[in-house]
Amino acid sequence: MALPKQLKDKLRFPVIAAPMFLVSGPELVTACCLNGIGGTFPALNQRTSEGYAEWLLQISASLEGKEHSPFGINLIVHKTNPRLEADLKITVEHKVPFVITSLGAVSEVVDAVHSYGGLVFHDVTNMRHSEKAIQAGVDGLILVSAGAGGHAGTLHPFAFIKEIKNAFDTCVIQSGAISTGEQVLAARAAGADLAYIGTRFIATKESMADPEYKNMLVSARAEDIVYTPKVSGIPANFLRQSLESNGISLDEIDNPDIDLGKELIDDAKAWKTIWSAGHGAGNINDIPTVAALCDSMKKEYNDQLQALK
Ligand SMILES: Cc1cc2nc3c(=O)[nH]c(=O)nc-3n(C[C@H](O)[C@H](O)[C@H](O)COP(=O)(O)O)c2cc1C
């Protein structure tokens, strides 16, 4: 199954800007959609379900009457998310074009989104979760591979894409360490229908990230990214400089006796002041507008395509 037509026909470049906690908001989503790529945000980026609904109205109003790509939202499908039911109801009421589900793939959520013609893509890091998602009826899998920002997987994308494609006839969206147009092309060449890009969009004018976070990304290299479960309970990638500026040394991270996770989640420091990024950070050298970034990615993609001929 290839990329569903309602998405394929409306994307002018094969990219979705990934949802990022505390980073993606209406300004970023709108800019992405107006520049031909999919824009997304996590429903939880608004503190309440009412606020989430307001953002949906705001985004729809900004896009109305203009040529634009579809937008999507991210739902955390997990028993610890008390907002799931209310946010899903709002998603259905507003007919959000596509939904990205994380942590759990359940047919009730998929059916609810399908009821109005929406699409569901599910984040996966391994074959077992991919099988479950396919059984739940999702429209595609987002392969969160090694080096991705946020809760990254550990599999190499070359290996993972092919294994998934051999096992399932589904749309494949590749996530992890993609920052440039050449890398979008590489994901396509490896068999993905779309590239899914997070970290690169943190360092854009329209992202909600702290200016210091954006500057830290510009100066970071891939080797500055630390993969640890200690901050959020699930293994995720964080900027070493940000761990250190929060008083967390790499020695502490390596020490299995220290439970930073609980402490940091309890005082809400995780993600707010401890900044996540993927290995693609080393390929970020500026903080452009989304329009300028999309233009340069399209040029890199086309130049590389020509160079390969
Ligand atoms: C700061 C940050 C926050 C993130 N928050 C979420 C989130 O709330 N929900 C989600 O599904 N993925 C989240 N992700 C993962 C991204 O959606 C995406 O899979 C990842 O950023 C892709 O890898 P890349 O950053 O190397 O491009 C987050 C990633 C980052 C960097």
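Every number for a ligand or one of its atoms is a count from 1 in the order of the listing. Quick note: numbers below take in every heavy atom, side chains included, and nothing from hydrogens, waters or symmetry partners.
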Q) Is a side-chain donor-acceptor pair under 3.5 Å present for Asn237 with Ser276? A) no
Q | Spacing of NZ belonging to Lys132 relative to CG belonging to Asn126, to within rounding of 0.5 Å | A | 9.5 Å
Considering only distance and modelled atom types, tabulate donor-acceptor pairs under 3.5 Å from the side chains of residues 152-168, sequence neighbours left out.
unit_1	atom_1	unit_2	atom_2	d
His156	ND1	Phe158	N	3.0
Lys165	NZ	Gly191	O	3.1
Asn166	ND2	Lys162	O	3.4

(Q) Could you check whether Arg200 pairs with Asp286 (Lys NZ or Arg NE/NH1/NH2 to Asp/Glu carboxylate O, under 4.0 Å)? (A) yes
With a cut-off of 3.5 Å and sequence neighbours excluded, list every side-chain donor-acceptor pair involving residues 15-31.
unit_1	atom_1	unit_2	atom_2	d
Ser24	OG	Met20	N	2.7
Ser24	OG	Met20	O	3.2
Thr30	OG1	Pro26	O	2.6

**Q.** Residue pairs fulfilling ring pair (Phe, Tyr, Trp, His ring centres under 6.0 Å) with at least one residue in residues 198-228, sequence neighbours excluded
**A.** Tyr213-Trp275
Q. Near ligand 1, which residues have a heavy atom under 4.0 Å away from one of its atoms?
A. Ala18, Pro19, Met20, Phe21, Pro42, Asn74, Ser102, Asp123, Gly147, Ala148, Gly149, Gly150, Ser175, Gly176, Ala177, Tyr196, Ile197, Gly198, Thr199, Ile202, Tyr213, Trp271, Ser276
